[in-house]
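Values below: all heavy atoms of this structure, side chains included; hydrogens, waters and symmetry mates excluded. Order of listing sets the numbers, starting from 1, for every ligand and every atom in it.
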Amino acid sequence: MFESLTSRFSGAFSSLRAKGKISTSDIESTCQEIRQALLESDVALSVVEDFIADVHEKSLAALPTLQAGTNQANAIFEIVNASLVEILGGQARRVRFAKNPPTVIMLAGLQGAGKTTLAGKLAKFYADQGNTPLLVASDLQRPNAVTQLQVVGESVNVPVFAPEPGNAKTSGIYGGNPVKVAKAGVEFAKSKLYNIVIVDTAGRLGVDEDLMKQASEIRDAINPNEILFVVDAMIGQDAVKTSQAFLEGVGFDGVVLTKLDGDARGGAALSISSMTKRPIMFASTGEKPHEFDIFYPDRMASRILGLGDVATLAEQAKKAFDTDTSAKLEAKFASGEDFTLEDFLEQLQAMSKMGNMSKLLGMLPGAGQIKKQIENFDEGEIVRTKAIVQSMTPSERRDPKLLNGSRRARIALGSGRKVSDVNNLVDRFTAAQKMMKQVRNGATPTGMPPGMAMPAMPKVNAPVTKKKKSKSGNPAKRAQEEGQ
Ligand code: GDP
């Protein structure tokens, strides 16, 4: 979403870095360039003006204190980063839990903003942390909204309170009244000891009085701990206008930005928090239940500035690699044992759990510069590679040297691939294995094996401190390993 903004920021800073000693006029021109980039990304004018004034003032104030020879451009970069974090809301804020459960979370927003999808994501998010959420279907307006919530609830294994069919022509025990459904849902949660209630409410295609009235009535009936305003980041400047209308009409405590995976210019994300003085609390980046996260202003700023989002990447890797697998790989790596195709298969399986590879690669620092490669990343490559490794016997996976011509032909047949694909994988694996040995022995690796879908490294946070311990004490053996 922020590609063009990221490349503009990178451009502005690479020319600033090239200067060495920075003058006030360099600061003026950098501010001018950033201003233009923000405006072109649809950031609200008042937010841009405040941001630029802040960066300008702080940079000028810092300039005399920056010693010649220090990296002045980096100091200015830090100022921009800090201001960006600020306009994105400062610190991440979590949902406030009620002293006496259940904690009631009400979702509000326009139709199509992604409320129902988000309801499921939030439910999963909290259930995964050991909570007992209940979903309440109070969107009786949009055809199929109730059924959709039931499907979503089922997919994340969270119960749905849906006494009304949600079809305007028929109504259930609450006479098709969404306010009564919301109230009954909260009562039900209390009686059944659910500790979180997530209430999905109706939206309209545009902001209108009926919508505000209904949302306000639901709010008054259930007295939520948090009202989250859900907004589609793809609608650009309109997202800011809509959020302001909701703020006046219903009020809300936090914002959820959806569809951040889209290719809109990202102005909404940068404007909403400043314009509404409410924090962005969650961000949604796809339709699937796990494509969602807490919104961290500092990580978002980091991404916008082209530094990537390594913190999120590491968290996702941690979730995907179970502790046993990671510990086993770490121990192997440290003890100097060979990294085998069996380990590689475990990694491939964990990588599939991490989700869409292009999205993950996009979190790497400098991802903007390899945008084309990331876009062209063939997600099927992992599945195909897995099929090849799975067609090998356990002893072949442990010792690829066993793989003679006839075995390779059998594997190709078993995985539905060509023998040349099997050869290719074995070659790349052997090269990766060699590279790992070099890393383990403290040597600089001679480069990533060409064409390896992903480097066959044990895990993202490999135990760097243990590297040296694993060096062979036998110089002849070490020389032999390094030479391999
Ligand atoms: P509601 O009317 O506010 O309840 O909106 P829905 O939850 O039905 O979402 C509207 C559409 O947007 C659906 O097709 C969702 O699958 C899709 N959607 C929701 N969140 C996201 C997201 O973060 N990214 C993408 N690409 N699509 C989303």
Exercise. Would you say D139 and ligand 1 have an N/O pair spaced under 3.5 Å apart?
Worked result: no
Problem set entry | Ring geometry between F282 and F292 (parallel below 30°, tilted from 30 to 60°, perpendicular above 60°) | parallel
Problem set entry | From CA spacing to verdict: side-chain hydrogen bond (donor to acceptor under 3.5 Å, both in side chains), D54, S83 | CA-CA 7 Å; D54 188 45; S83 300; 2.8 Å; yes
For this session: Using a strict 4.0 Å cut-off to heavy atoms of L110, name the atoms of ligand 1 that fall inside it.
Result: 3 (O)
For this session: Take every heavy atom of G286, measure it against each atom of ligand 1, and state whether any distance is under 4.0 Å.
Result: yes
For this session: Give yes or no for whether the N/O distance cutoff of 3.5 Å, strictly under, is met between Q111 and ligand 1.
Result: no
Exercise. K121 and S284: side-chain donor and acceptor closer than 3.5 Å?
Worked result: yes
For this session: Identify, by atom number and element, the atoms of ligand 1 in contact range of E287, meaning under 4.0 Å from any of its heavy atoms.
Result: 14 (O), 15 (C), 16 (O), 17 (C), 25 (C), 27 (N), 28 (C)
Exercise. Backbone, side chain, both or neither: what part of L260 comes under 4.0 angstrom of ligand 1, heavy atoms only?
Worked result: neither
Problem set entry | Polar side-chain atom of Q148 near backbone of N144 as donor-acceptor pair, under 3.5 Å | no
Exercise. Are the ring centres of F9 and F77 closer than 6.0 Å?
Worked result: no
Seminar exercise, completed: heavy-atom search around atom 23 (O) of ligand 1 in the protein gives S284 OG, 2.8 Å
For this session: Note the single closest protein heavy atom to atom 26 (N) of ligand 1, along with its residue, its atom name and the distance in Å.
Result: D261 OD2, 2.8 Å
Problem set entry | Ion pair D253/R96, N-O distance below 4.0 Å | yes
Exercise. For atom 12 (O) of ligand 1, what is the nearest protein heavy atom, given as residue, atom name and distance?
Worked result: K259 NZ, 3.2 Å
For this session: Look only at interatomic distance and state if G112 has a nitrogen or oxygen under 3.5 Å from any nitrogen or oxygen of ligand 1.
Result: yes
Exercise. Backbone N or O of G11 within a donor-acceptor pair of the S15 side chain at under 3.5 Å?
Worked result: yes
Exercise. Which protein non-hydrogen atom lies closest to atom 3 (O) of ligand 1, naming both residue and atom, and how far is it?
Worked result: K115 N, 2.8 Å
Problem set entry | Identity and distance of the protein heavy atom lying nearest atom 5 (O) of ligand 1 | G114 N, 3.0 Å
Problem set entry | A113-ligand 1 polar pair, N/O distance under 3.5 Å | yes
Problem set entry | Ion pair check, D232 and K259, cut-off under 4.0 Å | yes
Exercise. Regarding R8 and Q36, is there a side-chain donor-to-acceptor distance under 3.5 Å anywhere?
Worked result: no
Problem set entry | Minimum-distance protein heavy atom relative to atom 4 (O) of ligand 1 | T116 OG1, 2.6 Å
Exercise. Any N or O on T117 sitting closer than 3.5 Å to an N or O of ligand 1?
Worked result: yes
Seminar exercise, completed: For Q148, the atoms of ligand 1 under 4.0 Å from one of its heavy atoms are 6 (P), 7 (O), 8 (O)
Exercise. Going by an N to O cut-off under 4.0 Å, is there a salt bridge joining E217 and K213?
Worked result: yes
